[in-house]
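Step one of this worksheet: look at the structure below.
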There are 2 protein chains.
Amino acid sequence: MLDKLEYLIALSREQHFGRAAESCGVTQPTLSAGIKQLEEMLGVLLVQRGSRFIGFTAEGERTLDWARRIVGDSRAMREEINALRHGLTGQLRIAAIPTALAMVAQLTTPYRARHPDVRFTVWSRTSIEILTQLENLEIDAGVTYLDNEPLGRVNAVPLYQERYQLLTAPDAALGDRKRVTWKEVAQVPLCLLTPDMQNRRIIDGLLRSAGGAAVQPTLESDSMILLFAHVRTGRWASVMPARLAETLGLTATIRAIPIVEPEAVHTIGLVVPPREPLTPLAAALVAEAKRLAAGLAE
Amino acid sequence: MLDKLEYLIALSREQHFGRAAESCGVTQPTLSAGIKQLEEMLGVLLVQRGSRFIGFTAEGERTLDWARRIVGDSRAMREEINALRHGLTGQLRIAAIPTALAMVAQLTTPYRARHPDVRFTVWSRTSIEILTQLENLEIDAGVTYLDNEPLGRVNAVPLYQERYQLLTAPDAALGDRKRVTWKEVAQVPLCLLTPDMQNRRIIDGLLRSAGGAAVQPTLESDSMILLFAHVRTGRWASVMPARLAETLGLTATIRAIPIVEPEAVHTIGLVVPPREPLTPLAAALVAEAKRLAAGLAE
DNA sequence: CCGAACGATAGAAATTTTCAATCGTTGTAT
DNA sequence: ATACAACGATTGAAAATTTCTATCGTTCGG
């Protein structure tokens, strides 16, 4: 029955019988039959049947909740028993928002020092994707904003405060300033993340409330590396979290100027499934996050 | 895999492969193979192997914990989805200590009024049996002492306070008293529960600390009905909780005399698995218990 | 030393699961 | 209006698994 619950979770993830089947490594008829068996066992329809996948019924949604929990627990069991025997091993799957990606190294590095047999996979994802992937057991933990948009059902560990700086060449407009206002920044052509990123929405909001007009970035990307590479040429400007700018390294061609009025602050943190107990791999990451947060707060 | 986890739970309950298999409705080789499959999946021995069942390994105990949780959740899922469709139906399995059995009617009666399609099974059990049966998913809820001996991992809802009375014939020794002391009670030949019952251990303790000598009841039984039937003849005496004596009905042949010095009080309550969310059947019982407790406290 | 109890094992039978192939429906583009 | 493509359901055969009966080997108690 556990595998059928996996099918249900995959179906919710893919919203498509065929793709869900593929992602489970079975054929579509097998997955269809599995869902039907679940429905027979529970005596209710779980999926709204039409010519194609429409959505789950109310009972389907509840079952999905249970499925995530039960499947998550059964994975946690395996992981925990394995950890008892061989210490922490296996794959730790993390997703982080682009502006926090650089910071992930501060978590993974001490983690690996403590648990050398753990392998990491880190994805760059939007904050919304992080939450759904966490829900669907596709990742073990995420790094995202804790205080801006709603988080949903997760457990959060605050890591650090994100503050914003204008990155620009010293000889560009505003390049010689000690600090600039959002109103001033609104006048500069910027390289920003795409609007599906929460960071972009935050900056949009700040620029809008300072400058009035809608934001028209000169260049958009979902990659911080791309944005940074442009700024690095000395011909472009961007707004980035202070900590990220430091990590990427300030060269002679770039200045990082604090943006004030308002001095915006947002909290970034680790999010993990609201499961108790966590998988050992995730629990160790939470411990690492708490250590890191304590270190950063000093 | 879920069925294998059931096997593991049954094995922990029965401490015997053959009986565990029978209780799961499979043959002994099937259960043996199931356990072995779990062991292979997890890569550890779960059961200490000797010529017979000795016990679980440390990993086995942890796995057992997970098994209880996962199996419990999967049952809760079925129950909840069924409840969405058909309202509360099915079997509610309760165990209560003998002195609280009469009180169970106060829970089941309003419960049944609200949910007529639920059937009840109520067992008389010792407080210790209640805790292990709860752990092993053999019952959905228990009624037992909350404040005397350790409870283990359960959620508790206090129901009422148990106070002790001497039940005896009016013309017997102490039969004319308004109240009696434990020291005096220690002199009377008593009908008491067997020592595996916590109520007996409580009374033993009270008598011992008042009278000094060890308790030598004239008659022991694990059945309150048997004790009460003896008292009812007018030729025997017993110590019973006040509320129970009231429920059983005081006749001309019996007086119930409060026992003081000390005026001992113990809390009886409902215990349910520490699972969140509870099964709908158990949750409704908890709600009923809270209502009842509120009513009794008035 | 024997016998009973217990759990493991082997092999056959039954059941379940899975898949390839195909069907029927629906929505869309022509 | 018609043809087509996408999607999920269905079917029937093959494969995998589970389960059972029968039996074995060990251990413990008398």
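Convention: sequence-line order gives letters A, B, ...; per-chain numbering from 1.
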Q) Between B/Arg68 and B/Ser12, does a side-chain hydrogen bond (donor to acceptor under 3.5 Å, both in side chains) hold up when you go through it step by step? A) CA-CA 11 Å; B/Arg68 290 186 181 116; B/Ser12 119; 3.3 Å; yes

Q: Check step by step if side-chain hydrogen bond (donor to acceptor under 3.5 Å, both in side chains) holds for A/Asp140 and A/Thr279.
A: CA-CA 8 Å; A/Asp140 303 299; A/Thr279 70; 5.0 Å; no

Q.
Would A/Gln28 and A/Ser32 count as a side-chain hydrogen bond (donor to acceptor under 3.5 Å, both in side chains) here? Give the steps.
A. CA-CA 6 Å; A/Gln28 170 262 317; A/Ser32 284; 3.2 Å; yes

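Side-chain proximity of B/Pro29 to D/dT21, C/dT18, C/dA21: nearest is D/dT21. When the nucleotides C/dT18, D/dT19, D/dG8 are ranked by their closest atom to the side chain of A/Tyr7, C/dT18 comes out on top. Taking every side-chain heavy atom of B/Thr30 into account, D/dT19 is the closest of D/dT19, D/dA9, D/dA22. Each of C/dT17, D/dT19, C/dA8 was ranked by its minimum atom distance to the side chain of A/Lys4; first place goes to C/dT17.
Between B/Ile54 atom CD1 and C/dG7 atom P the separation is 10 Å, expressed in whole Å. Atom CG in B/Leu31 sits roughly 14 Å away from atom P in C/dC6 (whole-Å rounding). Distance CD (B/Glu14) to C1' (C/dG7): 16 Å, rounded to an integer number of Å. Atom CD of B/Glu40 is separated from atom P of D/dT18 by 11 Å (rounded to the nearest Å). Atom CZ in B/Phe17 sits about 9 Å away from atom C1' in C/dA8, given to the nearest Å. Between A/Glu6 atom CD and C/dT18 atom C1' the separation is 17 Å, expressed in whole Å. When the P atom of D/dT17 is taken as reference, atom CG of A/Asp3 falls 12 Å away, rounded to whole Å. Summarising the geometry, the separation between CD on A/Gln28 and C1' on C/dA21 is reported as 12 Å, rounded to the nearest angstrom.
Taking only side-chain nitrogens and oxygens, A/Lys36 never comes nearer than 4.0 Å to OP1 or OP2 of D/dG8. Contact annotation: B/Arg52 side-chain N/O to D/dT27 OP1/OP2 distance is not under 4.0 Å. Taking 4.0 angstrom as the limit, A/His16 places none of its side-chain polar atoms (N or O) nearer than this to OP1 or OP2 of D/dA6. In this model, the phosphate group of D/dC20 is approached by a side-chain N or O of B/Thr27 to a distance below 4.0 Å at OP1 or OP2.
Other residues, nucleotides and ligands contribute at most 12 non-hydrogen atoms within 6.0 Å of the CZ atom of A/Arg112.
When each of B/Glu22, B/Glu138, B/Glu135 is checked for a salt bridge (Lys or Arg N to Asp or Glu O under 4.0 Å) with B/Arg13, only B/Glu138 meets the rule.
Take the nearest nucleotide of DNA chain C for B/Arg19 and for A/Met1: the residue whose nucleotide is more 5' is B/Arg19.
Contacts of B/Gln37 with the nucleic acid, taken as non-hydrogen atoms under 4.0 Å apart, involve only primed sugar atoms and P, OP1 or OP2.
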